[in-house]
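None of the values given here were measured: they were computed from a predicted structure.
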2 protein chains.
Amino acid sequence: MTASDTRERLLDAAERQFSERGYDGASLREITQAAEANLAAVSYHFGSKEDLFVAVVARRVQPINLERLRLLDQAEARAGERPLEVEAIVEAMIAPVLRSGADGPCVLRMVGRANSESAAPTRRVVEGPMREIRARVRRALRRALPHLNERELSYRMHFTMGVVKSVASDQHLLHAISDGQCDPQDLDGTIAQLVPFLAAGMRAPSVERKRRASARSRRS
Amino acid sequence: MTASDTRERLLDAAERQFSERGYDGASLREITQAAEANLAAVSYHFGSKEDLFVAVVARRVQPINLERLRLLDQAEARAGERPLEVEAIVEAMIAPVLRSGADGPCVLRMVGRANSESAAPTRRVVEGPMREIRARVRRALRRALPHLNERELSYRMHFTMGVVKSVASDQHLLHAISDGQCDPQDLDGTIAQLVPFLAAGMRAPSVERKRRASARSRRS
DNA sequence: CAAAGAATCGAACGTATGTTTGAAACGAAC
DNA sequence: GTTCGTTTCAAACATACGTTCGATTCTTTG
């Protein structure tokens, strides 16, 4: 029994509880009980409930972002000097996140929740590593979609990250609204549907000029 | 002072607290204090914390769905016998929700949170009225996008509802990732960007045939 | 084997929560 | 002006929470 045995069990149990009941809703008593550990073990191994949560999230976030960078590298190697395929960029953004929920509860449910509960601890773990990904994705998208300006790039990246977050969080909804035709467990199926959807949205014509004109006419 | 004066103040204060701190995070003591009401007023007027939350959500959900139906009616009147414009359908789905956050905290933040905290109370208020909207939207989309099968319709509707939920919940993120270029308060601006994005996604070619083929080849 | 450090344990502490209670204040109707 | 139903109020209740403590057990090291 190594030094990190119950520590790992605590992380697993906490991840399940946090993703099912949220940060506030999950209690250390249930977590430690599910992990077959003592209540005080949380304080001993992590310091506090908040630090436990940060550890749970961090454990999942790093592999996801590494996989994203790997997919981007791979796509760039395939593309050579040409701009990346929009589909490849989108897939690099979303697939690692969705797939991370395959073997257990999804990270994004926790993060999304805690994002508006207690912003500070979550953002420390999530936002930091995310900066690099975003910069890299933006650069690739800028080349692949030269018709978009920076503002539109921001919007569309925001939409993309948004849909993956909500799709990962509300998997049960998909099963409900499709009368069972869509299987939320079939992550590859979801990805196969989501990538073309988002890529088409990304390729949509710029709306800037049209909007400025209509705003001007509305003002007068 | 009519019978529903402090009742209304309680709803307002509760809405603010619920959307900022979540269902578990919001305390009745802070809510009643902000509403300048007594702690017991919640039990008296609503029965319990959960019933208060349901009342808060219900108050916002109904106008949103009425506005959605109104926009659909209006679009159908304009289209006559022809299929609706995809843009009009998408806008009817998303605009009322986004605009509902204009004068105060957004409903979706509460709903999205509570969706995974305690599913039962939320779904009772949200899912019920949503059925009608979804059926109507699906019918309109089916006509406007005959190249999609039912499964793909479900996926793309799910994606659409997902992006609006997350965009409404994480407005602050948009400001952050765009270096201030996008103003989350500018709801019409967000809608103007989001509608073409989603409409293009909706119009993306069907992926069913391609996917079946690739799955078959992967299996062998 | 003995000593020291790491890890676990049961139990308690202080606090905050949602809910309940019974009395007081209020408002309208007779 | 009194009465009756509605609404407000201060106070208490029971419970659940995160955290801390000292003792105990286990594991490693000399």
Verify the neighbour count for atom CD of B:E36: are there more than 12 heavy atoms of other residues, nucleotides or ligands below 6.0 Å?
no
Closer than 4.0 angstrom, basic N to acidic O: yes or no for B:R9 and B:D5?
yes
What's the closest nucleotide to the B:A40 side chain, out of D:dA10, C:dC9, C:dA7?
D:dA10
Would you call A:R16 and A:E30 a salt bridge, taking side-chain N to carboxylate O under 4.0 Å as the test?
no
Whole-Å distance between D:dA16 P and A:Q33 CD?
13 Å
Would you mind telling me which of C:dA6, C:dT21, C:dC9 lies closest to the side-chain atoms of A:N38?
C:dC9
Does a nitrogen or oxygen in the side chain of B:S48 sit under 4.0 Å from OP1 or OP2 of C:dG18?
no
C:dT8 OP1/OP2 closer than 4.0 Å to side-chain N/O of A:T6:
yes
What's the CG-P distance between A:D24 and D:dG18, to the nearest Å?
9 Å
Heavy-atom nearest nucleotide on DNA chain D for B:A37 versus A:L28: which residue maps closer to 5'?
B:A37
Measure from CG on A:L52 to P on D:dT19 and round the result to the nearest Å.
10 Å
Quick check for you: among D:dT20, D:dC17, C:dA7, whose closest atom lies nearest to any side-chain atom of A:R29?
D:dC17
Would you indicate, yes or no, if C:dT19 has its OP1 or OP2 atom less than 4.0 angstrom from a side-chain nitrogen or oxygen of B:S43?
no
What integer distance in Å separates A:Y44:OH from D:dT24:C1'?
14 Å
Does a side-chain N or O from A:H45 land closer than 4.0 Å to OP1 or OP2 of C:dA6, or not?
no
Let me know the distance between CD1 of A:I31 and C1' of D:dA16, rounded to the nearest Å.
14 Å
For a quick test of reading the model: is some side-chain N or O of A:S27 closer than 4.0 Å to OP1 or OP2 of D:dA16?
no
Find out whether the Lys NZ or Arg CZ of A:K49 is both under 6.0 angstrom from the six-membered ring centre of A:F18 and within 45° of the ring's axis.
no
Of the listed nucleotides (C:dT19, D:dT8, C:dG10), which one gets closest to any side-chain atom of B:L39?
C:dT19
A:R9 CZ - C:dT8 P separation (whole Å)
8 Å
For the pair made of CZ in A:F46 and C1' in D:dT20, what is the distance, rounded to whole Å?
18 Å
Can you check the A:R7 CZ to D:dT27 C1' distance for me, whole Å?
19 Å
N-O pairing of B:R99 and B:E67 below 4.0 Å
no
